[in-house]
Amino acid sequence: MSKIITRFAPSPTGFLHIGGARTALFNWLFAKHHGGEMLLRIEDTDRERSTKEAHEAIIEGLKWLGLDWRGEPVSQFSRVERHKEIVQRLVDEGKAYYCQCSPEELAAMREQARAEGRPMTYDRRCRDLGLCPPHEKPLVVRFKAPREGEIVIDDAVQGRVEFKAQAMDDLVIARADGTPTYNLAVVVDDHDMGVTHIIRGADHLTNAARQTMIYEALGWTPPRMAHIPLIHGPDGAKLSKRHGALGVEAYRAMGYLPEALRNYLARLGWSHGDEEIFTTEQLIEWFGVEAIGKSAARFDFAKLESVNGWWMRNLDDETLLRRFIEFLPHAEDDAELAKAALKVLETDEGRARFAASLPGLKERAKTLKELLSLAGYLFAARPLTVIPKAEKILRNGGREVLARLLPVLERTDWREEALEEAVKAFAESNELKLGKVAQPLRAALTGSNVSPGIFEVLVALGREESLARIADQVRDA
RNA sequence: GCCCCCAUCGUCUAGUGGCCUAGGACGCCGGCCUCUCACGCCGGAAACAGGGGUUCGAGUCCCCUUGGGGGCGCCA
């Protein structure tokens, strides 16, 4: 078998949304699995709606997700002359014709067809008129759909899907301004680019039938197709703007890891037995279209979060630190804290301090965003802002305990075991439960009621800073 | 309206005629661990949409119903 070539072909009319990301992932995995390559084609033939920003957002999103492609992204619009050449060929061969119907007439026809219970397809009134430019009215080019038989798609996911020829429309393949439309351009490009496998959303299934007709008219062999089920929102309808329309950059801003998103997305519609966690290597090794389900899947943030938590915990510290630093400039809401963190992490010692705390921190954070707020005490400057729950602990006797504890800590050797020993002894001799000592300490040291183990925190902050933060609270008593 | 697709716990899914008293994961509930929160561990509730066939035997095959989804542009 020749080399597998897949392609991801988004239209640059918006960011890379989550469904597109999964389509790209599947194309990429499929190609990698077979030792082939993925191509990237930007379907920008709609000049009105295509934007440079969207184009860049898509590239950026793919890169962040860790997906790559062969060569430069291909602009579909740049191939317009080639598309026109094929349109002309179809006209010359009598497989396409000029049509003078205006958009208004077409709309009226559709409305009437619907009212009469007929399919809303073009009634082909211009099919045998033999119209050709120049003409007094604007002319589009329509493809002559076969009038009998059926169009069969042998889809790798959907199975054999049949469309009766009568149900097929004489679709427009060139607009009045002469520019070719999507279905024509896609066929020509996939053919010219040597695409062997098309993996795309099931919303393209009817396009698959249309494109198959064009392949047949041109005498070309269609690529193998796999139409993957769509991703639905929580309400069960196709994911769209009304569900919050999130692009991958939004997931990045929420602190999700690319490896986690890849893992989650792969599991949406595809499975490998009972496995839930996949490294990219495993994904590549195990991925196959035969294990893709046929029904749509709902996007579930809770599961994504859980998968992300696994990756947070299990990624090696070095990679996690890198991801964290990459994340900071994109952090949503916590821009100030992110900036402070970035500044601290620029210095060697700041980075070392953070790295030392990372093992305790990453256990507790489900996302990079949570990691940032959880690690806030490492980046904050004195005097600390204390959250209400922590303040309550300090107010309810916490400060008094700290006042008595402070001198004890001052003469304790600043090592985790020694500190633990000292604090436990202090609690015991004062007939206090450890929690009664640890919680005020935590509040003073981190400004929060939640943090990694308190002795760990003590060491991470260092003797000087720790004592100063405690003293800040004792002074307020 | 017309065409096409889909249907196992709330969600993602395993299941390819007997291994199913239907498994896993997330979430949920209870417990253990414990300086907080997580993690981890133990336990629990929770599904084959309905009806007909086929078969010795059906979650698995066929048909119908119902429900859901997608498409029907001079958008992609």
(message) Whether K303(A) contacts rC12(B) is assessed here as follows: a side-chain N or O lying under 4.0 Å from the phosphate OP1 or OP2. Is that the case?
(response) no

(request) Write down the distance separating the C1' atoms in rC35(B) and rU21(B), rounded off to the nearest Å. (result) 45 Å

(request) Return the nearest nucleotide to the side chain of A438(A); candidates are rC74(B), rC35(B), rA76(B). (result) rC35(B)

(message) Considering every strand and a 4.0 Å limit on heavy-atom distances, what is the contact class for V172(A): base, sugar-phosphate, or nothing?
(response) sugar-phosphate

(request) Side chain of I454(A) only, please: which of rC26(B), rC35(B), rG24(B) is the nearest? (result) rC35(B)

(request) Do nucleotides 58-66 of chain B as a string where each nucleotide becomes B, S or -: B if the base has a protein heavy atom under 4.0 Å, S if just the sugar-phosphate does, - if no protein is that close. (result) ---------

(request) Tell me whether the OP1 or OP2 atom of rC2(B) has a side-chain N or O from R114(A) closer than 4.0 Å. (result) no

(request) Searching all strands shown, indicate the nucleotide that pairs with rC33(B) (Watson-Crick or G-U wobble; both distances under 3.5 Å). (result) none

(message) With a 6.0 Å cut-off on the ring centroids, do F30(A) and H197(A) count as close?
(response) yes

(message) Tell me whether the side-chain N/O atoms of R442(A) come closer than 4.0 Å to OP1 or OP2 in rC37(B).
(response) no

(request) Check if the side chain of N207(A) and the base of rA76(B) share a donor-acceptor pair of N or O atoms closer than 3.5 Å. (result) yes

(request) May I ask you to say what F163(A) touches in the nucleic acid, namely base, sugar-phosphate or nothing, with a heavy-atom cut-off under 4.0 Å? (result) sugar-phosphate

(message) OP1 or OP2 of rC72(B) versus the side-chain N and O atoms of T206(A): is any pair under 4.0 Å?
(response) no

(request) Please state the P separation for the pair rC42(B) and rC33(B) - nearest whole angstrom. (result) 15 Å

(request) Check whether any side-chain heavy atom of N207(A) sits under 4.5 Å from a side-chain heavy atom of N183(A), and report yes or no. (result) yes

(message) Do the side chains of E85(A) and R89(A) get close enough for a salt bridge, i.e. N-O under 4.0 angstrom?
(response) no

(request) May I have the distance from H227(A) (atom NE2) to rG70(B) (atom C1'), rounded to whole angstrom? (result) 12 Å

(request) Measure from the side chain of S271(A), starting at C-beta and using heavy atoms only, and say which of rA76(B), rA14(B), rC72(B) lies closest. (result) rA14(B)

(message) I'd like to know if R364(A) reaches the base of rU36(B) with its side chain, counting only an N/O donor and acceptor under 3.5 Å.
(response) yes

(request) Determine the Euclidean distance between corresponding C1' atoms of rU13(B) and rG71(B); express it in Å to zero decimal places. (result) 27 Å

(request) For rU16(B) and rC20(B), measure between their C1' atoms and round to the nearest Å. (result) 14 Å

(message) Nearest to the A176(A) side chain among rG1(B), rC74(B), rC4(B), which nucleotide is it?
(response) rC74(B)

(request) Grab the CG-P distance between D177(A) and rC74(B) for me, whole Å please. (result) 13 Å

(request) Using the P atoms only, state how far rU8(B) lies from rU60(B), rounded to an integer number of Å. (result) 12 Å

(request) Would you check if L268(A) and I231(A) make a side-chain contact, meaning some heavy-atom pair closer than 4.5 Å? (result) yes

(request) Return the nearest nucleotide to the side chain of R210(A); candidates are rA76(B), rC2(B), rG69(B). (result) rA76(B)

(request) Go ahead and name the base partner of rG1(B); Watson-Crick or wobble counts if both distances stay under 3.5 Å, otherwise write none. (result) rC72(B)

(request) Could you check how far NZ of K294(A) sits from C1' of rC4(B), rounded to whole Å? (result) 12 Å

(message) Using the rule salt bridge (Lys or Arg N to Asp or Glu O under 4.0 Å), only one of R41(A), R79(A), R7(A) pairs with D192(A); which is it?
(response) R79(A)

(request) Provide, to the nearest angstrom, the distance between the CZ atom belonging to R41(A) and the P atom belonging to rA76(B). (result) 12 Å

(request) Answer with base, sugar-phosphate or nothing: what part of the nucleic acid does D203(A) contact at a heavy-atom distance below 4.0 Å? (result) sugar-phosphate

(message) Say we look at rU36(B) and rA25(B): how far apart would their C1' atoms be, to the nearest angstrom?
(response) 28 Å

(message) I'd like to know if E105(A) and R110(A) make a salt bridge, using a cut-off of under 4.0 Å between side-chain N and carboxylate O.
(response) no

(request) Map S451(A) and W310(A) onto RNA chain B by nearest heavy atom, then report which one ends up closer to the 5' terminus. (result) S451(A)

(message) Rounded to whole Å, please give me the gap between CD in E305(A) and P in rC39(B).
(response) 11 Å

(request) Rounded to the nearest angstrom, tell me the gap between atom CD in E363(A) and atom C1' in rC41(B). (result) 14 Å

(message) Please give me the minimum heavy-atom distance between P12(A) and A54(A), naming the atom from each residue.
(response) O-CB, 3.2 Å

(request) Give me the one residue out of S78(A), S75(A), S50(A) that meets side-chain hydrogen bond (donor to acceptor under 3.5 Å, both in side chains) with D44(A). (result) S75(A)

(request) Quote, to the nearest angstrom, the P distance that separates rG70(B) from rG31(B). (result) 43 Å

(message) Using whole Å, what does the distance between atom P of nucleotide rC72(B) and atom CG of L205(A) come to?
(response) 12 Å

(message) If we check salt bridge (Lys or Arg N to Asp or Glu O under 4.0 Å) with D170(A), which of these qualifies: K95(A), R127(A), R147(A), K144(A)?
(response) R127(A)

(message) Please compare A297(A) and D44(A) by the position of their nearest nucleotide in RNA chain B and report the one closer to 5'.
(response) A297(A)

(message) Distance check, C1' atoms only: rG24(B) and rA38(B), in whole angstrom units.
(response) 23 Å

(message) Taking only side-chain N and O atoms of S295(A), does any of them lie within less than 4.0 angstrom of OP1 or OP2 on rG69(B)?
(response) no

(request) Starting from P on rC26(B), measure out to CH2 on W311(A) and report it in whole angstrom. (result) 16 Å

(message) Under a 3.5 Å cut-off for both contacts, is rA22(B) paired Watson-Crick or G-U wobble with anything, and if yes, with which nucleotide?
(response) none

(request) Kindly say if K433(A) contacts the phosphate of rU34(B), meaning a side-chain N or O under 4.0 Å from OP1 or OP2. (result) no

